[in-house]
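Notes for the one structure printed next.
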Amino acid sequence: MMIIGCDFHPSWQQVSWLDTETGETGEQKLVQASGDAERFYRQVAAPALIGMEATGNCHWLVDLLSELGHELWVGDAAQIRASYVRQQKTDKRDAAHILKLLVEGRFPRIWMPSSEVRDLRQLLLHRYKLVIMRARVKNELQHLCLNKGVQRKHKLWSQAGQQILRELPLQPWAGRRRDDLLKLMAMLDQQIEPLDQAVKAEAQRDKMALLLQTQAGVGPITALAYVLTMGDVSRFPRGKQVASYLGLIPREHSSGGRQKLGAITKQGNRMLRMLLVEAAQAAVRYDPQFRKEYLHRCHQKPKAVAKVAAARKLAVRLYWMLRTQRPYPEIVRIESSPRVPLVGAS
């Protein structure tokens, strides 16, 4: 069996390999554009074990290795770097180090989504990017109104507000900017609408997403994004690890018995974190327990901190809903009872 350590780059990759049957070793630089990588992996006898760091722009390689029957392990890049103590870093050393971790059974493997899940993630990501663009366009139109002394906030997007916006007396180039922004907003609305329908249809077909939608404030977009991002929730032993995975825990620099906390780490999925904050604000309106805890925090902390705390609580609750397969409001009674073994119920 061949074991291959791969140091992947968008333009090339450096590989080191070991044949466990013959003991033969080797290394090679594979240039992507010339087809070296595809030729190399096609001539390797399947199944081979290939390890690489988690990185972007490598989906084509993941699909190719799956097609050829090879097994790909993706490792935590931070843990791989932390296990390398030497100060000399080169592509050859990195590939050889990954190979060494694979051979010694110390490779920090992480979960990888399937091809279907990755494609559904593209649906959510595409919608998210278009929504961000639309928000920026709306902000520009708001600034045009504010510079004319007109403040309508969210009412600017009503029919009456749109009429006021179109009738604003502007200079020629400011008027041109307004017209272009309005056309751009209409085009984005037209593109986002079918994406919204597609997300709702996918969420309706997914049993886990339907389960999460029983929680007040969680709609099809947040539910589907949570399911696709978290994957197999059994890989998280505790809810605290879920909050850490999503970047909803504070930075910490404690020493000598003195605890020092900062802002949240923001190390997780940005899109899902934004959706959870929005869903938590809706849950505050409809869920009595969420509202009580949110108002209590607002008396002690800024509202932004209270919103993030509500999002963290919502993320942990959704995790336990998937872990125990219990809908809302039954999950609330389980959370409130210390006698119920949550992990054992999964």
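- At least one donor-acceptor pair closer than 3.5 Å links the side chain of R235 to the backbone N or O of M230.
- Looking only at distances, a side-chain donor or acceptor of R178 sits under 3.5 Å from a matching main-chain atom of L165.
- Clustering ILVMFWY residues whenever any of their side-chain heavy atoms sit less than 4.5 angstrom apart, transitively, puts F40 in a cluster other than the one holding L49.
- The existence of a salt bridge linking K260 and E252 is excluded, since no basic side-chain nitrogen approaches an acidic carboxylate oxygen closer than 4.0 Å.
- Counting heavy atoms from C-beta on, the side chains of Y294 and Q289 never come closer than 4.5 Å.
- Heavy-atom minimum distance, L101 versus S83: CD1-OG, 3.8 Å.
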- Pair E27-V15, side chain to side chain contact (heavy atoms under 4.5 Å, CB included): steps then yes or no: CA-CA 5 Å; E27 60 183 28; V15 295; over 6 Å; no
Working for side chain to side chain donor-acceptor pair (under 3.5 Å), residues S115 and H59
CA-CA 9 Å; S115 176; H59 288 173; over 6 Å; no
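- At a threshold of 4.0 Å, the pair R39-D36 counts as salt-bridged, since one of the basic side-chain nitrogens sits closer than that to a carboxylate oxygen.
- Closest heavy-atom contact between L318 and L212: O-CD2, 3.6 Å.
- Inspection of the Q197 and E193 side chains reveals an N or O donor paired with an N or O acceptor under 3.5 Å.
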Checklist line | Test side chain to side chain contact (heavy atoms under 4.5 Å, CB included) applied to Q215 and D287, step by step | finding: CA-CA 9 Å; Q215 165 65 45; D287 190 317; 3.4 Å; yes
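- Here V31 is tied to no hydrophobic group at all, with no ILVMFWY side chain closer than 4.5 Å.
- Side-chain atoms of Y41 and C6, non-hydrogen and from C-beta on, do get closer than 4.5 Å to each other.
- N139 contributes a side-chain N or O that, together with a main-chain N or O of A135, makes up a donor-acceptor pair within less than 3.5 Å.
- In the hydrophobic clustering of this structure, L146 does not group with L168; members are Ile, Leu, Val, Met, Phe, Trp, Tyr whose side-chain heavy atoms approach within less than 4.5 Å, directly or through other members.
- Summarising the local packing, NZ of K129 is surrounded by 12 or fewer heavy atoms from other residues, nucleotides or ligands at distances under 6.0 Å.
- No more than 12 heavy atoms of other residues, nucleotides or ligands sit less than 6.0 Å from atom CD of Q171.
- Judged by distance alone, the side chain of R121 and the main-chain N or O of L228 form a donor-acceptor pair under 3.5 Å.
- Nearest heavy atoms, L72 versus R109: O-NH2, 4.3 Å.
- Of all heavy-atom pairs spanning G262 and P250, the tightest one is O-CB, 3.3 Å.
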| task | May I have the step-by-step check of side chain to side chain donor-acceptor pair (under 3.5 Å) for Q32 and Q13, ending in yes or no? | result | CA-CA 8 Å; Q32 325 285 24; Q13 53 184 287; 3.2 Å; yes
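- Note on L224: it does not cluster hydrophobically with Y245, by side-chain heavy-atom contacts below 4.5 Å among ILVMFWY residues.
- Between R152 atom CZ and Q162 atom CD the span is 12.5 Å, to the nearest 0.5 Å.
- The side-chain contact (heavy atoms from CB on, under 4.5 Å) test with W73 is passed by exactly one of I50, I110, L102: L102.
- Proximity of the aromatic rings of F236 and W320 is defined here by a centroid distance below 6.0 angstrom, and this criterion is not met.
- Heavy atoms from other residues, nucleotides or ligands lying under 6.0 Å from CZ of R291 number more than 12.
- Dense packing is recorded around CG of D232, with more than 12 heavy atoms of other residues, nucleotides or ligands lying under 6.0 Å away.
- Between E140 and R136 there is no side-chain heavy-atom pair separated by less than 4.5 Å.
- Looking at E53 and F8, their side chains never come closer than 4.5 Å, going by heavy atoms from C-beta outward.
- With rounding to the nearest 0.5 Å, the separation of CG in L170 from CH2 in W173 is 14.0 Å.
- Between L18 and M2 the shortest side-chain heavy-atom distance does not fall below 4.5 Å.
- A heavy-atom distance below 4.5 Å is not found between the side chains of I264 and R251.
- Two residues are said to be in side-chain contact when any heavy atoms from C-beta on lie closer than 4.5 Å; L156 and Q151 fail this criterion.
- Atom CD of Q159 is surrounded by 12 or fewer heavy atoms from other residues, nucleotides or ligands within 6.0 Å.
- Although no hydrogens or angles enter the test, the distance criterion places no donor-acceptor pair under 3.5 Å between the side chain of S66 and the main chain of V62.
- Rounded to the nearest 0.5 Å, atoms CG (L181) and CG (L144) are 6.5 Å apart.
- Taking a 6.0 Å sphere around CZ of R176, one finds it holds 12 or fewer heavy atoms contributed by other residues, nucleotides or ligands.
- Counting only residues at least two apart or in different chains, salt bridge (charged side-chain N to carboxylate O under 4.0 Å, His left out) contacts with residues 60-69 comprise R42-E67, D63-R118.
- Clustering ILVMFWY residues whenever any of their side-chain heavy atoms sit less than 4.5 angstrom apart, transitively, puts V117 in a cluster other than the one holding M112.
- In Q241, the CD atom is crowded: over 12 heavy atoms of neighbouring residues, nucleotides or ligands sit closer than 6.0 Å.
- Qualifying side-chain hydrogen bond (donor to acceptor under 3.5 Å, both in side chains) partners for K207, counting only residues two or more places apart in sequence or in other chains: none.
- By the rule that hydrophobic residues join a cluster once side-chain heavy atoms approach within less than 4.5 Å of another member, M208 and L120 end up as members of separate clusters.
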**Message:** The test is side chain to side chain contact (heavy atoms under 4.5 Å, CB included); show your working for M274 and Y128 and say whether it passes.
**Reply:** CA-CA 10 Å; M274 182 201 73; Y128 168 71; 3.6 Å; yes
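- The shortest distance between side-chain heavy atoms of Q28 and L30 falls below 4.5 Å.
- Around atom NZ of K100, no more than 12 heavy atoms belonging to other residues, nucleotides or ligands sit under 6.0 Å away.
- Judged purely by atom type and a 3.5 angstrom limit, Q281 has no side-chain atom pairing as donor or acceptor with the backbone of K307.
- To the nearest 0.5 Å, atom SG of residue C298 and atom NE2 of residue H296 are 10.5 Å apart.
- Listed here is the closest heavy atom pair of H70 and A48: ND1-N, 3.2 Å.
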* For T90 and D94, run side chain to side chain contact (heavy atoms under 4.5 Å, CB included): C-alpha distance rounded to whole Å, both residues' side-chain angles, the deciding distance at 0.1 Å, then the answer. => CA-CA 6 Å; T90 65; D94 289 345; over 6 Å; no
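- The two residues D91 and H9 make their nearest non-hydrogen contact at OD1-NE2, 3.2 Å.
- For the atom pair L210 CG and R205 CZ, the distance stands at 11.0 Å (nearest 0.5 Å).
- Classification of D179 and K183 as a salt-bridged pair fails, no side-chain N sitting under 4.0 Å from a carboxylate O.
- For the pair R317 and Y328, the NZ or CZ position fails the cation-pi test of under 6.0 Å to the six-membered ring centre and within 45 degrees of the ring normal.
- With hydrogens and angles disregarded, no donor-acceptor distance shorter than 3.5 Å links the side chain of T214 to the backbone of P327.
- Here the CG-CZ distance, from N269 to R273, works out to 7.5 Å after rounding to the nearest 0.5 Å.
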